[in-house]
Amino acid sequence: MAKPKQVYSFEVKLALVERFIAGETSLNLATEAGLSSPLLLEKWVREYRRDGADGLRPKPKGRPRSPKSLPPAEVSELERLRRENERLRAEVAYLGKLRALSAQEPRR
(Lines give C-alpha, C1' and ligand atoms only; values in the text may rest on other atoms or scores of the structure.)
Protein backbone atom coordinates (compact mmCIF):
# COMPACT_ATOMS: atom_id res chain seq x y z
CA MET A 1 0.00 0.00 0.00
CA ALA A 2 1.40 3.40 -0.98
CA LYS A 3 2.03 6.13 1.55
CA PRO A 4 -0.14 9.23 1.26
CA LYS A 5 1.54 12.06 -0.61
CA GLN A 6 3.23 14.54 1.73
CA VAL A 7 2.41 18.19 1.02
CA TYR A 8 4.89 20.86 2.09
CA SER A 9 3.93 24.47 2.74
CA PHE A 10 5.31 27.35 0.71
CA GLU A 11 7.28 28.62 3.72
CA VAL A 12 8.99 25.24 4.30
CA LYS A 13 9.92 24.93 0.63
CA LEU A 14 11.28 28.48 0.50
CA ALA A 15 13.35 28.03 3.68
CA LEU A 16 14.90 24.79 2.41
CA VAL A 17 15.66 26.26 -1.02
CA GLU A 18 17.30 29.33 0.52
CA ARG A 19 19.43 27.13 2.78
CA PHE A 20 20.45 25.01 -0.23
CA ILE A 21 21.43 28.11 -2.22
CA ALA A 22 23.41 29.33 0.81
CA GLY A 23 25.57 26.21 0.55
CA GLU A 24 24.03 23.36 2.54
CA THR A 25 23.84 19.98 0.80
CA SER A 26 20.58 18.61 -0.54
CA LEU A 27 21.13 15.27 1.21
CA ASN A 28 21.50 16.89 4.66
CA LEU A 29 18.52 19.18 4.12
CA ALA A 30 16.33 16.35 2.80
CA THR A 31 17.20 14.15 5.77
CA GLU A 32 16.57 16.96 8.27
CA ALA A 33 13.21 17.91 6.71
CA GLY A 34 12.08 14.32 6.21
CA LEU A 35 11.85 14.60 2.42
CA SER A 36 11.46 11.36 0.50
CA SER A 37 14.48 12.21 -1.67
CA PRO A 38 17.06 14.97 -2.15
CA LEU A 39 15.81 15.12 -5.75
CA LEU A 40 12.60 16.73 -4.49
CA LEU A 41 14.60 19.60 -3.02
CA GLU A 42 16.60 19.94 -6.25
CA LYS A 43 13.32 20.14 -8.17
CA TRP A 44 12.16 22.96 -5.90
CA VAL A 45 15.48 24.76 -6.48
CA ARG A 46 14.99 24.51 -10.27
CA GLU A 47 11.45 25.90 -9.95
CA TYR A 48 12.73 28.69 -7.69
CA ARG A 49 15.44 29.65 -10.16
CA ARG A 50 13.05 29.52 -13.11
CA ASP A 51 9.97 31.25 -11.60
CA GLY A 52 11.21 32.85 -8.37
CA ALA A 53 9.40 32.34 -5.09
CA ASP A 54 6.05 32.04 -6.90
CA GLY A 55 7.30 28.79 -8.46
CA LEU A 56 7.12 27.19 -5.01
CA ARG A 57 3.51 28.19 -4.33
CA PRO A 58 0.81 25.50 -4.62
CA LYS A 59 -0.63 25.09 -8.11
CA PRO A 60 -4.39 24.82 -8.72
CA LYS A 61 -5.55 21.25 -9.24
CA GLY A 62 -7.56 19.99 -12.19
CA ARG A 63 -8.36 21.33 -15.60
CA PRO A 64 -8.71 25.11 -15.92
CA ARG A 65 -12.26 26.36 -16.41
CA SER A 66 -13.21 27.19 -19.96
CA PRO A 67 -14.49 30.69 -20.66
CA LYS A 68 -17.84 29.24 -21.84
CA SER A 69 -18.51 27.70 -18.43
CA LEU A 70 -18.41 30.99 -16.52
CA PRO A 71 -21.47 31.68 -14.40
CA PRO A 72 -23.89 34.21 -15.91
CA ALA A 73 -22.86 36.82 -13.35
CA GLU A 74 -19.30 36.82 -14.71
CA VAL A 75 -20.27 37.34 -18.35
CA SER A 76 -19.19 40.80 -19.37
CA GLU A 77 -21.81 43.42 -20.05
CA LEU A 78 -20.46 43.85 -23.58
CA GLU A 79 -20.97 40.15 -24.34
CA ARG A 80 -24.48 40.26 -22.84
CA LEU A 81 -25.39 43.29 -24.96
CA ARG A 82 -24.01 41.65 -28.12
CA ARG A 83 -26.19 38.58 -27.54
CA GLU A 84 -29.24 40.73 -26.87
CA ASN A 85 -28.55 42.78 -30.03
CA GLU A 86 -28.29 39.58 -32.11
CA ARG A 87 -31.57 38.27 -30.68
CA LEU A 88 -33.36 41.56 -31.37
CA ARG A 89 -32.10 41.64 -34.98
CA ALA A 90 -33.44 38.12 -35.54
CA GLU A 91 -36.77 39.14 -34.01
CA VAL A 92 -37.03 42.21 -36.27
CA ALA A 93 -36.22 40.11 -39.35
CA TYR A 94 -38.85 37.52 -38.38
CA LEU A 95 -41.53 40.17 -37.81
CA GLY A 96 -40.68 41.85 -41.11
CA LYS A 97 -41.14 38.58 -43.03
CA LEU A 98 -44.37 37.86 -41.15
CA ARG A 99 -45.70 41.31 -42.02
CA ALA A 100 -44.72 40.84 -45.69
CA LEU A 101 -46.48 37.46 -45.84
CA SER A 102 -49.66 38.81 -44.27
CA ALA A 103 -49.67 41.78 -46.68
CA GLN A 104 -49.62 39.51 -49.74
CA GLU A 105 -52.88 38.80 -51.44
CA PRO A 106 -54.18 35.30 -50.75
CA ARG A 107 -53.55 32.87 -53.61
CA ARG A 108 -56.45 31.40 -55.47
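- Checking N28 against T31 by side-chain atom types alone, no donor-acceptor pair falls below 3.5 Å.
- Contacts of F20 classified as ring-ring contact (aromatic ring centres under 6.0 Å, His included), with partners at least two apart in sequence or in another chain: none.
- Sorted by first then second residue, the salt bridge (Lys or Arg N to Asp or Glu O under 4.0 Å) pairs that include residues 18-36, not counting sequence neighbours, are R19-E24, R19-E32.
- Atom CD in Q6 sits 10.0 Å away from atom CG in L40 (nearest 0.5 Å).
- By the salt bridge (charged side-chain N to carboxylate O under 4.0 Å, His left out) test, R57 is found to be paired with D54, residues two or more places apart in sequence or in another chain being considered.
- The side-chain contact (heavy atoms from CB on, under 4.5 Å) test applied to A33 returns L16, L35, not counting sequence neighbours.
- Applying the salt bridge (Lys or Arg N to Asp or Glu O under 4.0 Å) test to residues at least two apart or on different chains, the pairs with a partner in residues 35-44 are K43-E47.
- Through direct or relayed side-chain contacts under 4.5 Å between Ile, Leu, Val, Met, Phe, Trp and Tyr, L95 connects to Y94, L98.
- Counting only residues at least two apart or in different chains, ring-ring contact (aromatic ring centres under 6.0 Å, His included) contacts with residues 24-55 comprise Y8-W44.
- Nearest heavy atoms, P38 versus S26: CB-OG, 3.7 Å.
- More than 12 heavy atoms of other residues, nucleotides or ligands shown are found within 6.0 angstrom of NZ on K59.
- Within a 6.0 Å radius of CD in E86, other residues, nucleotides and ligands contribute 12 heavy atoms or fewer.
- When hydrophobic residues (I, L, V, M, F, W, Y) are linked wherever their side-chain heavy atoms come within less than 4.5 Å, L81 remains an isolated member.
- Scanning for salt bridge (charged side-chain N to carboxylate O under 4.0 Å, His left out) contacts around E11 gives an empty result, with sequence neighbours left out.
- Taking hydrophobic clusters as Ile, Leu, Val, Met, Phe, Trp and Tyr residues chained together by side-chain heavy-atom distances below 4.5 Å, F10 shares a cluster with V12.
- Using a 4.5 Å cut-off between side-chain heavy atoms of Ile, Leu, Val, Met, Phe, Trp and Tyr, L27 forms no hydrophobic cluster with any other residue.
- Partners of L101 under the side-chain contact (heavy atoms from CB on, under 4.5 Å) rule, at least two apart in sequence or in another chain, are Q104.
- Tracing side-chain contacts under 4.5 Å through hydrophobic residues (I, L, V, M, F, W, Y), one reaches L56 starting from I21; they form part of the same cluster.
- Scanning for salt bridge (charged side-chain N to carboxylate O under 4.0 Å, His left out) contacts around E91 gives R87, with sequence neighbours left out.
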